[in-house]
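Below: the structure, in structure tokens.
We count ligands from 1, going down the list as the structure has it; atoms in each ligand are counted the same way. Remember, predicted model here, so these are calculated numbers, not experimental data.
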Amino acid sequence: MQAEPLLLSEKIPARIARLEELAYNFWWSWHRGSRDLFKMLDRTLWRSTGHNPVKMLREVPRDHLDEFAADPLFLRQYDAVLMALDADLNNGHLWFPSAYPDLTASPIAYFSAEFGLHRSLPIYSGGLGVLAGDHCKEASDIGLPLLAVGFLYEMGYFRQTLTSDGWQEAVYPVFETKEAAIREVMCDDEGKDCLFVPVEVGDREVQLQVWRVQAGRVNFYLMDAHHDLNKPWDQELTARLYGGDQEMRIQQEIVLGIGGMRVLRALGVDPAVYHLNEGHSSFLALERAREMVEAGKSFEEACQIISDTTHFTTHTPVPAGHDVFPFNLVERYFYNYWPRLGLGREEFMELGCANKDCNGFNMTVLALHMAGQSNGVSKLHGEVSRQMWQAVWPEKQVGEVPITYVTNGIHVPSWVGDAMNAIYRKHLGPDWIEQQDNLALWERIIDVPDEDLWAAHMHLKRKLMSLIRELARRARVERRDPEQVLTSGTLLDPEALVIGFARRFATYKRATLIFHDVDRLKRLLHNEYRPVQFIFAGKAHPADDGGKRLIQHIYNAARDPSMGGRIAFIEDYDMRVARYLVQGVDVWLNNPRRPHEASGTSGQKAAINGVLNLSILDGWWAEGYNGANGWAIDAGQEEFESEWAQDTAEAEALYNLLEDEVAPLFYKRDADDVPRGWVRVMKESIRTAAPVFCTRRMVKEYAERFYVPAMRRAQK
Ligand SMILES: *Cc1c(COP(=O)(O)O)cnc(C)c1O
């Protein structure tokens with residue numbers, strides 16, 4: 001056998017040489033034409049590599065590539081895709097450069113502990129990371145000058161498997177850097193030596209290797225401590241996402257905020273504006289202050305500049321979602337840092353404290369103190385955040401607390417199913433993606449023939465069922481456990497109503513609410529004419545045994561013969577499973593304990609695909625629901641005697657909706673077997689949600705309300 005060349009460039013024929021560039025830019029992941037191109041190259045490899053073009057190009061035989069370099073059909077597609085890529089990368093007619101031609105020189109630096117771009121880059125755990133990835137993809141699409149800073153985790157977030165009694169096990173496959181669309185950043189033009197950036201973590205110096213990832217026009221700089229220049233224990237710093245104890249956590253956050261800033265300096269980048277996505281990167285503001293104080297400014301002057309040019313987004317009202325470090329821990333890592341800011345111990349600690357009886361250094365408080373502008377991620381979450389953090393501004397009334405809101409959205413090209421995209425292209429126009437935030441465009445959804453929309457939906461539903469069978473088949477071969485084949489959904493009936501519930505198994509999300517009254521649930525499942533089925537998926541945090549018990553509860557129900565195979569649990573929820581679910585179920589269920597769901601975005605992904613939301617009026621749905629575009633689970637009261645009373649009342653409301661409205665509407669068919677009433681709700685849901693709960697609207701809002709004013713202040 002011929003030895004594999006190390007460099008792809010030596011293997012790929014000149015005529016199609018830019019395949020490599022395409023593979024190394026996640027732009028392909030939201031452009032159908034380029035996915036088709038890779039599929040044309042080798043359908044089997046495309047699947048077996050889990051849609052990873054870099055791995056695929058490494059594995060595809062050279063003579064195979066030679067053949068395609070002479071295949072006119074392939075070349076036509078290749079040329080078209082690269083033309084589209086070039087247009088996107090260089091086009092001056094994108095929204096931001098057209099609207100603000102004077103503001104394209106200095107970028108916005110977006111800091112986040114996780115980014116969800118694609119399954120092949122496992123550096124995300126859930127909603128926060130997917131939102132960050134979607135934000136950056138959208139920034140690329142509208143031409144916003146933005147770069148991102150984060151981590152390259154050696155093992156990322158875990159893959160989930162369940163034991164035969166339903167207990168979650170975490171598997172950490174080591175991430176193969178050679179097989180991923182990431183590249184080492186070099187420190188010289190010849191490209192011989194990798195860039196390493198030193199950062200002090202307590203009394204040690206840690207060297208950060210820097211990797212670059214591209215998604216369209218946006219560059220990601222990812223820090224990696226896992227290499228020989230570091231001591232073994234320091235290599236662990238970037239081993240796992242949210243894996244360690246508090247000590248590990250503060251060290252990681254030093255790497256993210258302070259190390260991240262050092263990386264930008266080493267790259268010669270001077271951002272105009274900094275966006276802290278969650279409090280994990282708050283130390284970044286201190287590092288900027290240190291630079292300015294050491295250059296001769298006072299700490300107060302530095303704070304003013306930082307305030308003018310920093311934006312902070314808080315993402316959760318759940319207290320455990322905010323890092324609070326014990327003072328002695330902070331002291332150990334910062335005792336030699338606060339003098340460099342011109343501060344004493346007490347002044348330093350106060351930066352992370354909202355009031356005098358504060359019990360630790362709070363990273364969200366630090367961000368709120370340092371950033372000039374802050375926001376929550378839905379209207380309701382904005383209100384909750386103002387109450388939650390009022391103590392940071394003791395002189396202000398709750399209503400005056402300077403935390404506003406920008407409701408989250410989703411990156412539409414990443415989440416819309418092929419069949420729906422075809423419908424939108426045909427009826428809204430081939431440039432519908434470009435106009436997605438235009439409300440008037442979506443009025444035309446009324447004109448789509450009911451049977452076409454329904455057929456597109458059924459196509460996506462069948463694709464979900466195929467995925468379920470494929471995963472089950474694989475599990476059967478690997479684990480030989482017939483029960484697990486059944487629990488993963490092989491008995492589901494594709495013609496019957498399917499309700500999806502998939503998200504992290506945090507307890508406030510109440511994954512098991514539907515089991516509150518098992519007899520009533522069984523009546524729904526076994527209704528002879530109108531059966532209801534449920535598909536669950538989601539991971540519990542590896543340290544959260546409460547969350548794991550919820551998974552086990554559902555797994556046991558799925559296994560219970562008296563549930564009739566109408567309940568399924570799909571293992572290893574990630575962006576791929578999410579995509580199939582939000583496109584292929586009929587109803588998307590969300591029943592958090594209000595107001596704990598800051599926004600929730602999976603329901604927005606469902607909406608763009610014509611999947612109907614059935615949800616508590618929390619997060620985005622409190623804004624999105626209009627009475628005719630889905631269902632609100634509402635027990636008619638705000639206050640409850642106890643959590644049990646709340647669960648009972650809200651479960652009751654949920655059963656009522658399913659029995660009286662959801663199932664009857666779904667099963668009411670005309671002579672062509674089309675549920676006309678249901679399709680009317682699908683259209684209303686698409687019409688109202690699509691133009692609003694998209695990152696196109698969201699990122700433009702961040703730009704117009706925050707980035708642009710901050711960029712102008714930075715120019716002064
Ligand atoms: C969209 C998404 C989420 C976020 O879902 P919520 O509705 O916020 O719970 C989590 N995980 C994955 C893999 C996703 O794609």
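- A heavy-atom separation below 4.0 Å is found between Trp415 and ligand 1.
- For the residue pair Ser602 / Arg503, a side-chain donor-acceptor distance below 3.5 Å is found, with atom types taken as modelled.
- Checked against a 3.5 angstrom limit, the closest N/O atoms of Ser602 and ligand 1 fall inside it.
- Of all atoms in ligand 1, listed by their number and element, those nearer than 4.0 Å to a heavy atom of Gly126 are 10 (C), 11 (N).
- Contact between Lys509 and ligand 1 is present, with at least one heavy atom of the residue lying under 4.0 Å from the ligand.
- Taking every non-hydrogen atom of Met575 and a distance limit under 4.0 Å, the qualifying atoms of ligand 1 come out as 13 (C).
- Considering only non-hydrogen protein atoms, atom 11 (N) of ligand 1 sits nearest to Tyr573 CE2, 3.5 Å.
- The nearest non-hydrogen atom to atom 3 (C) of ligand 1, considering only Arg504, Lys605, Arg503, comes from Lys605.
- Each of Gln373, His135, His275 was evaluated against Thr313; a single residue qualifies, His275, per the side chain to side chain donor-acceptor pair (under 3.5 Å) test.
- By the 30° and 60° cut-offs, the orientation of the rings of His118 relative to Phe26 is tilted.
- The single protein non-hydrogen atom nearest to atom 4 (C) of ligand 1 is Gly127 CA, 3.4 Å, given as residue, atom name and distance.
- The side chain to side chain contact (heavy atoms under 4.5 Å, CB included) with Ile535 is formed by just one residue from the set Ile567, Val577, Val498; it is Val498.
- Checked by atom type, the side-chain pair Thr695/Lys137 shows no donor-acceptor distance below 3.5 Å.
- Exactly one residue among Asp634, Ile633, Asn590, Leu654 makes a side chain to side chain contact (heavy atoms under 4.5 Å, CB included) with Ile616. That residue is Ile633.
- Proximity of Val577 to ligand 1, defined as any heavy-atom pair under 4.0 Å, is not found for any part of the residue.
- Residue Ala578 has at least one heavy-atom neighbour below 4.0 Å for each of these atoms of ligand 1: 15 (O).
- Using modelled atom types, no side-chain atom of Glu684 and backbone atom of Val681 make a donor-acceptor pair closer than 3.5 Å.
- Residue Thr601 places at least one N or O, backbone or side chain, under 3.5 Å from an N or O of ligand 1.
- Each of the atoms 7 (O), 8 (O) of ligand 1 lies under 4.0 Å from some heavy atom of Gly600.
- Ion pairing between a basic and an acidic side chain is recognised when a charged N comes within 4.0 Å of a carboxylate O; Arg593 and Asp618 show no such pairing.
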